[in-house]
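Contents: one structure, followed by commentary.
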There are 2 protein chains.
Amino acid sequence: MLELRHLRTLIALRDAGSLVEAAERVHLTQSALSHQIKDLEERLDNPLFVRKTRPVEFTRAGQRLLTLAEQVLPLVRMAERDLARLAGNEQGRLHMAIECHSCFQWLMPTVDHFRDHWPEVEIDIPGGHHFDPLPALAREQLDLVITADPQPLPGIHYEPLFRYEGLLAVARQHRLAGKPFVTPEALAEETLITYPVEHSRLDVFTQFLDPAGVRPKELRTAELTIMMMQLVASGRGVCALPNWALTEYLERDYVKAVALGEKGVWSTLFAAIREETRQAPWMEDFLRTARETSFAVLEGIKPA
Amino acid sequence: MLELRHLRTLIALRDAGSLVEAAERVHLTQSALSHQIKDLEERLDNPLFVRKTRPVEFTRAGQRLLTLAEQVLPLVRMAERDLARLAGNEQGRLHMAIECHSCFQWLMPTVDHFRDHWPEVEIDIPGGHHFDPLPALAREQLDLVITADPQPLPGIHYEPLFRYEGLLAVARQHRLAGKPFVTPEALAEETLITYPVEHSRLDVFTQFLDPAGVRPKELRTAELTIMMMQLVASGRGVCALPNWALTEYLERDYVKAVALGEKGVWSTLFAAIREETRQAPWMEDFLRTARETSFAVLEGIKPA
DNA sequence: CGACAACATGAGAAATACTCATTTAAAGAC
DNA sequence: GTCTTTAAATGAGTATTTCTCATGTTGTCG
């Protein structure tokens with residue numbers, strides 16, 4: 001018998017393009033999905049997708065089921081939201097801080113969507129606070145903090161959102177452009193541009209340069225991504241940024257990107273929340289939509 | 001996680017009015033449904049229906065899920081139909097005979113519905129054949145026969161549709177009216193009106209009178225239910241009919257009904273089909289909708 | 001009150017959905 | 001062409017879920 005599980009799988013498969021990645025998204029193994037879909041295909045007596053292509057291509061039967069999924073799953077989600085409200089957990093506050101300078105890109109659609117669906121929850125990103133966000137979260141001045149470096153604090157839970165790769169942006173004609181990856185040592189000859197924050201909060205240092213004991217030749221800071229890009233493009237330095245923050249500049253061929261080290265430097269972005277708010281239906285919904293929109297909007301990220 | 005299974009259960013529960021009957025409809029035990037719904041309620045943190053009422057009464061949460069089910073399940077069914085078509089089993093013929101004089105009432109809506117959804121399948125109820133329907137089914141002159149007395153024939157499968165009770169219709173002022181049930185012996189004093197068919201095909205004889213060795217004082221036949229009702233109402237005899245064939249006359253208080261024996265006489269109505277056509281998706285769909293419409297249209301019947 | 005009907009509950013059985021370890025197949029690299 | 005890498009399939013075993021069975025509880029009606 002067809003179940004919602006199958007529809008969810010197919011949607012994940014379409015969005016991911018391969019079984020392996022789809023499996024990550026729904027938090028199952030590749031094998032599980034392979035079996036699941038095989039069962040389904042046998043019962044329907046019809047293949048659902050062509051495996052030999054990248055991304056996978058759906059047969060007519062597969063497309064029909066995807067159509068069904070698109071009709072049905074939103075209805076189901078709306079119903080679940082209504083039920084959560086009926087359960088009585090409707091009041092709430094969601095004030096958040098963002099430690100990640102380029103996160104607004106995907107956070108804004110999430111916030112908009114959320115505001116529509118949970119009008120009773122007061123959602124806000126209060127600007128211009130100068131205190132440390134994580135302690136502020138603990139003392140209930142904030143309700144959610146987007147951060148890439150979780151620090152163990154009592155009562156604080158870190159909910160992984162997605163993993164992303166730190167890439168090194170270099171000028172198009174730069175000597176490192178086109179290399180498959182860059183070694184820490186190579187950066188000893190470069191000017192590194194960063195956001196004006198402590199080095200302990202930057203992955204280039206903590207995960208790449210510090211372990212190798214290397215320091216860049218020179219350091220300079222910039223507030224905004226676009227300024228960094230201008231500096232990089234004009235050959236005044238290099239900078240490390242999340243892959244998704246770079247895609248638009250890469251597409252316009254404004255700069256080039258190289259991986260940091262052979263394996264790349266991968267970090268996880270977290271939503272820090274208080275344990276008490278973790279079960280709240282609107283919080284679960286916010287995290288879910290946050291993940292969904294980030295996967296929809298950003299390229300090159302992976303499930304945590 | 002919410003699944004279609006839950007929605008199907010809730011619909012069955014609403015249609016049936018009690019867990020016990022709903023369980024019969026979805027072919028599970030009462031216990032299974034009880035557990036299933038309990039799980040759901042716990043996860044939603046909300047009761048779904050009030051158990052102490054008959055029929056059960058749904059809470060707001062339950063109603064919300066029912067709404068969802070009504071939106072979603074038809075979509076799912078349409079998709080399944082499309083998939084069955086894609087699987088290639090689209091051609092078919094469905095000529096049927098009806099051995100049961102009062103079946104048109106529920107069969108017609110079924111046929112109409114089916115014609116809409118399977119335009120490629122030729123559906124018909126050829127009239128005026130004088131041959132025995134079951135052998136005609138075996139030799140492929142027919143594809144489906146509605147009958148209440150299955151006879152073992154090679155290659156013929158009897159698919160139970162529903163169970164119904166045979167009731168004795170008597171005039172309002174008749175001496176038996178108002179009794180909880182009637183004994184076979186009591187019929188020895190009555191004129192029994194039947195359809196003009198062999199007695200071996202009438203449950204009153206096979207299940208009630210013959211076992212007790214009783215014969216009615218007199219016998220007469222009538223072609224149509226309405227004629228029988230007129231004879232009964234005017235005190236010219238009594239007649240045994242399925243409970244659902246009587247409801248409209250009972251509601252208008254045209255005649256009264258009494259059960260046949262303490263336990264009542266229950267029969268099962270079958271759809272006789274050839275084994276080969278049993279798996280055909282349109283056949284499965286026809287049987288499903290036949291069951292559905294009969295439960296929707298007829299009162300007092302039970303799942304087989 | 002006692003009998004009956006509907007639902008709940010706990011324990012164990014059956015079905016199913018998953019994981020792990022391997023194999024097969026295809027696509028790229030050299 | 002062979003070697004490597006990546007994706008998907010497969011089989012066996014495990015875990016989980018979902019049933020059934022047997023029994024207990026509660027409410028209803030004569």
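Side chains included, hydrogens not; waters and symmetry mates left out as well; all remaining heavy atoms used.
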Between B:Gln30 (side chain) and B:Leu19 (backbone), is there a donor-acceptor pair under 3.5 Å?
no
Taking only the side-chain heavy atoms of B:Arg5 (C-beta and beyond), determine which of D:dT18, C:dC7, D:dT20 contains the nearest atom.
D:dT18
Nearest-neighbour nucleotide for the B:Val56 side chain, D:dT20, C:dC7, D:dT18 considered
C:dC7
Whole angstroms only, please: what is the [atom1]-[atom2] distance between [X] and [N]?
X	N	atom1	atom2	value
B:Lys38	C:dC7	NZ	C1'	12 Å
B:Glu262	C:dC4	CD	P	11 Å
B:Phe49	C:dC7	CZ	P	7 Å
A:Met1	C:dA17	CE	C1'	17 Å
B:Glu41	C:dC7	CD	P	13 Å
A:Glu3	C:dA15	CD	P	18 Å
A:Gln30	C:dT23	CD	P	15 Å
B:Arg8	D:dT18	CZ	P	14 Å

B:Leu241 and its side-chain contact (heavy atoms from CB on, under 4.5 Å) partner, picked from B:Leu246, B:Asp203, B:Val204:
B:Leu246
Anything under 30° is parallel, anything over 60° is perpendicular, the rest tilted; go ahead and classify A:Phe49 against A:Phe58.
tilted
Mutual orientation of the aromatic rings belonging to B:Phe270 and B:Tyr158 [parallel < 30°, tilted 30-60°, perpendicular > 60°]:
perpendicular
Nearest-nucleotide 5' precedence on DNA chain C, B:Ser18 against B:His35:
B:Ser18
Would you call A:Glu292 and A:Arg288 a salt bridge, taking side-chain N to carboxylate O under 4.0 Å as the test?
yes
Does A:Ser31 make a side-chain donor-acceptor contact with the base of D:dT10, cut-off 3.5 Å?
yes
Look at B:Gln36 and D:dT18 and indicate whether a side-chain polar atom (N or O) is within less than 4.0 Å of OP1 or OP2.
no
Just to be sure I understand the rule, does B:Leu28 reach a base, reach only the sugar-phosphate, or reach nothing, if contact means heavy atoms closer than 4.0 Å?
sugar-phosphate
